[in-house]
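Quick notes on the structure that follows.
Since the model is a prediction, treat every value here as computed from it, not as a measurement. Here is how names work: the chains are called A, B, and so on, in the same order as the sequence lines, proteins then strands, and each is numbered from 1.
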Protein chains: 2
Amino acid sequence: MPPFARVAVIGLGLIGSSVARAVRQAMPTVRLTGHDADADVRTAAIRLDLCDDVADTPGAAVTDADLVILCVPVGAIGAAAAEIAADLPADAVVTDVGSSKGSVARSLAAALPGVAIVPAHPVAGTERSGPEAGFASLFQGRWCILTPTTGSPPEAVERVSAFWRRLGAEVELMDPDHHDRVLAVTSHLPHLIAYTIVGTASDLEEVTRSEVIKYSAGGFRDFTRIAASDPTMWRDVFLSNREAVLDMLQRFSEDLSALQRAIRWGDGDTLHDLFTRTRAVRRSIVEQGQDDAREDFGRSHP
Amino acid sequence: MPPFARVAVIGLGLIGSSVARAVRQAMPTVRLTGHDADADVRTAAIRLDLCDDVADTPGAAVTDADLVILCVPVGAIGAAAAEIAADLPADAVVTDVGSSKGSVARSLAAALPGVAIVPAHPVAGTERSGPEAGFASLFQGRWCILTPTTGSPPEAVERVSAFWRRLGAEVELMDPDHHDRVLAVTSHLPHLIAYTIVGTASDLEEVTRSEVIKYSAGGFRDFTRIAASDPTMWRDVFLSNREAVLDMLQRFSEDLSALQRAIRWGDGDTLHDLFTRTRAVRRSIVEQGQDDAREDFGRSHP
């Protein structure tokens, strides 16, 4: 029997629509309701038949739910929680999918006093956005990190864990602040750097935009993928996880300055030592199934 | 008829062994000789049957050649050229595959006075190294940039162009210094940044190495691929293209500082504007066939 019988998904973009599709596939008996603040997305959700019912208001979507999943940008989670507060059944569990967890846990607790809240973060996604971009297998074999707070009932944590396992994810429990530091380095800093270099390359004068695109196979194209991710989602991630991101960024800048100095002074050993060390990290990621072993990301070499 | 009849490949790693395999496939009548400074690589090249003859010295490999391709790290090109000078036939054309071209053109000219030299850079590769890592289709549909100097005979430039087209590449002519600035941004800076962030992530204390690997799907894993590239090759690239790399790195650091400031002061508009701009670059790269359209690099979502 599914851990929840009536699931409401608020926010039907890449993640929300993938949750809906995965629930339909893994737990077909679940009654699924959905809502999105954008009327065009609601229309698309109906056309794509993502839910049993697409409600015009967040309140109407949650009124019967025993699990509510907030799949909105982290900057909008507090407001989304406030919008459902009045219609939320007393026994409902509320969770989310936000990429930062400390600030999210605080805004959820503030907006929903006395409610069973289990903040969560499925570490999965693509560079695409919107209800058409989602797919049911997005969470298969990926990690979903739950960051319960002192206010999270253990029974609710167990049911949310079971829910994510049913969607194919592996569940891990973590302290919210530790989550925010881990993801600052494994996800937030990489996105910030990718956005930056793509911007830097676009702004050059003597090297044209068309040259940058034409010769991007030299490495640049790898960065453009995550730099194509959703602008609103990522703006909110950086603003909501500011402290951890700024700390990681500071460490990165120091390390980059050291390499800059090594290049300026022709210190090849420093470069060679680092480049040899970093090789091993890739090997571990492939060995532990966190990326495909196929060289060059399995790009087609016709 | 092939543009050259007797081709010598000096250096049989990823690129050299791919050139040999591609020549075998595209121009089977060509007599192919090879050499590598590493005896183990020579043994592997014989086992893999990469060439008609694997010579024990660079001189012996080039003695009959009408085209010599130096496929060694750019820091070793001057020495490799000097080693073949005495045995090089008068009518032979010498080219290379180095990722930086200004310094390479100068060291080739110094080591081989009066020789027909056509510096070249096939913009292709993977994160793997060594003779086993090469494959014949590596250059299919990729750009090969020739950077002829005043000393390069037009007829030699035309034959080297024809040679690369036979291997499936599209050929472009470029001024050496402009090449070095274009590749500094499309290839060298991306590699430097990827090496740096992988190093930064490995050196954290409170976030463990195993956590970094476990949650790398959040974006970090993308950077580990190019950070697994050959350490010696890349050390040499940064040292040989120092000016252009340092200039691009300076621009990147300024842009990163601006984003750092925007995050610190909660300036979401600056972040959102950049993140929206960078999206378009990815679109152009996919539209122009410089990367697969498949989301998430076509990674398997089982």
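- Counted by atom type alone, A/Ser257 and A/Arg261 present zero donor-acceptor pairs between their side chains at under 3.5 Å.
- B/Leu192 touches chain A through backbone and side chain together, each having a heavy atom under 4.5 Å away.
- Remark: the B/Arg279 side chain and the A/Ser129 side chain contain an N/O donor-acceptor pair separated by less than 3.5 Å.
- A salt bridge is defined here as a Lys NZ or Arg NE, NH1 or NH2 lying under 4.0 Å from an Asp or Glu carboxylate O, and A/Arg251 with A/Asp247 meets this definition.
- Between the side chain of A/Asp180 and the main chain of A/Lys101, a donor-acceptor pair closer than 3.5 Å is present.
- Here A/Asp267 does not pair with B/Arg242 in a salt bridge; the nearest charged N to carboxylate O distance is not below 4.0 Å.
- Neither the backbone nor the side chain of A/Val286 comes within less than 4.5 Å of any heavy atom in chain B.
- Between the side chains of B/Arg142 and B/Gln290, at least one donor N or O lies within less than 3.5 Å of an accepting N or O.
- Below 4.5 Å, heavy atoms of chain B meet heavy atoms from A/Asp222, A/Phe223, A/Thr224, A/Arg225, A/Ile226, A/Ala227, A/Ala228, A/Ser229, A/Asp230, A/Pro231, A/Thr232, all part of residues 222-233 of chain A.
- In this structure, chain B has heavy atoms under 4.5 Å from both the backbone and the side chain of A/Leu256.
- At a heavy-atom cut-off of under 4.5 Å, chain B is reached by A/Glu172, A/Met174 from residues 164-177 of chain A, listed in order of number.
- Under the 4.0 Å criterion applied to side-chain N and carboxylate O atoms, A/Asp291 and A/Arg282 are assigned as salt-bridge partners.
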